[in-house]
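Please read the structure below before turning to the comments.
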Amino acid sequence: MEMRDRLLFRQQAYVGGEWCDADSRETLDVLNPFDGNVIGTVPKMGQAETARAIRCADVALVAWKAKTGKERGAILRKWHDLIEANSDDLALLLTLEQGKPLAEAKGELTYALSFVEWFAEEAKRVYGDVLPNTRSDQRLLAIKQPVGVCGAIIAWNFPSALVTRKVSPALAAGCTVVLKPAELTPFAALALAHLAAQAGIPPGVFNVVTGDPVQIGKELSANPVVRKLTFTGSTETGRLLMQQCASNIKKLSLELGGNAPFIVFEDADLDAAIEGLLASKFRNAGQTCVCANRVYVHAAVVDEFADKLVARIRQMKLGNGLDSAVSLGPLIDRRAVAKVSRLVEDARAKGAQVLAGGKLQKEGTLLYEATLLLGITSDMQIAREEIFGPVVGITTFSTEQEALAMANDSPSGLAAYFFSADLERSWRLMEGLEYGIVGINTGMVSNEVGPFGGIKESGVGREGSKYGIEEFLEIKYVCLSGKSLNTSPY
Ligand code: SIN
């Protein structure tokens, strides 16, 4: 399979409107997770190049924030249209660097586009407020202004959608951005930067630096010119960035790890629950932060549920994402395989039954089989850790209270799901779940309209939705005082 436009395959970073290499000329290899072949290289940049990109973003900020929201929205719309026109190429690039099946890669592009479209529209809908006076010689206002230069660091699981979910609201609000894609999947972001330039996004407004995550992360968090850092990735790294940002009290948005409970009650439509679980669990080979991670099924229906689920899991085809029959791609790297294998082996050793899968398809690859484990108990590591792989582990429960207590027994609080036909129970559960996102009778909750984000150790802030742009705006309170305001003849 060939790309139609080879110019979308950029192997340099994009800073201040120029394509550039690392100062050292060093590069990083980017591998195809399916076969381990090198797809290409990107510059191994560090602190100095990041500081330069920040300066470019700072210079570009003056003119960009002076544009009206409507003008910025029109440019974002052009970016949207170019991404749409090139989405076949972009999807191919995604499958090559990330491994997800091509149909899913196209789905990610649609998802990515939805954020650009949404925030192109939101750009002209940033409102302030006229506030009630507390004195008759004063007038009070709250106006909204762009935060300024923003740093953005994204994960490897959604290399396109995470770019647009962060960059579109930032640019719509009038901010400029220095973005670091994941070292494992940098090409999607670089292709999007190429299209941004074609769309007329001015030099310096959107910069992409590739390379050393520690060095780049340090500069983006410690440099005082950067007024906001937005990050998607692990809770561990989020905690570190938060500490680094404390030195200059930087505004932060963090989309961190989840450990989503997925509860199936005895009154649920079991077929719908199975479809919901498959969608939630096996999207991106289980490598999403909103994936069902702990599955709780009522004792009265667990056998039927497990039988039906095994049958559906056996229909899944694992392999090269470019093969149209494949529904499950490889894991991202050896570390991911080692973690999934450890969790499955620990559960097996402590008594879990393996009803499907449970191993690599072939040693030496990153192809982990779709796996179903029954009899998960709280002493198993899989009951506490985020799996980030195609493994369902079922725990049985008997009462609603028990299910809710187990679901909430986690430091994470991103997404939670449950299936039930009982309206009152649904309302009670929805209120009782300590999570930022709740899916009721569905396993798919992500779109541009809903506020995406978690509570507890899953992060701070919300992305997408009407709230997403607020993360890139500051409120300025204005108090206008004057004697004649009091004595106005009009
Ligand atoms: C993520 O896993 O970081 C994003 C998943 C989503 O947007 O649905």
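Every number for a ligand or one of its atoms is a count from 1 in the order of the listing. Heavy-atom basis, side chains included; hydrogens, waters and symmetry copies ignored.
- Between Lys144 and Glu474 there is no salt bridge, since no side-chain N of the basic residue sits under 4.0 Å from a carboxylate O of the acidic one.
- Residues with a heavy atom under 4.0 Å from ligand 1: Tyr111, Asn157, Phe158, Arg165, Thr232, Arg283, Thr288, Cys289, Val290, Ser446, Phe452.
- Using a distance-only test at 3.5 Å, with no hydrogens or angles considered, a donor-acceptor pair links the side chain of Asn86 to the main chain of Leu82.
- With a 6.0 Å radius and a threshold of 12 heavy atoms from other residues, nucleotides or ligands, Lys78 has its NZ atom at or below the threshold.
- With salt bridges taken as basic N to acidic carboxylate O contacts below 4.0 Å, one links Glu345 and Arg348.
- Of the residues listed (Lys456, Arg384, Glu386, Arg294), the one engaging Asn259 in a side chain to side chain donor-acceptor pair (under 3.5 Å) is Arg294, and it is the only one.
- Side-chain polar atoms of Glu471 and Ser253 form a donor-acceptor pair below 3.5 angstrom.
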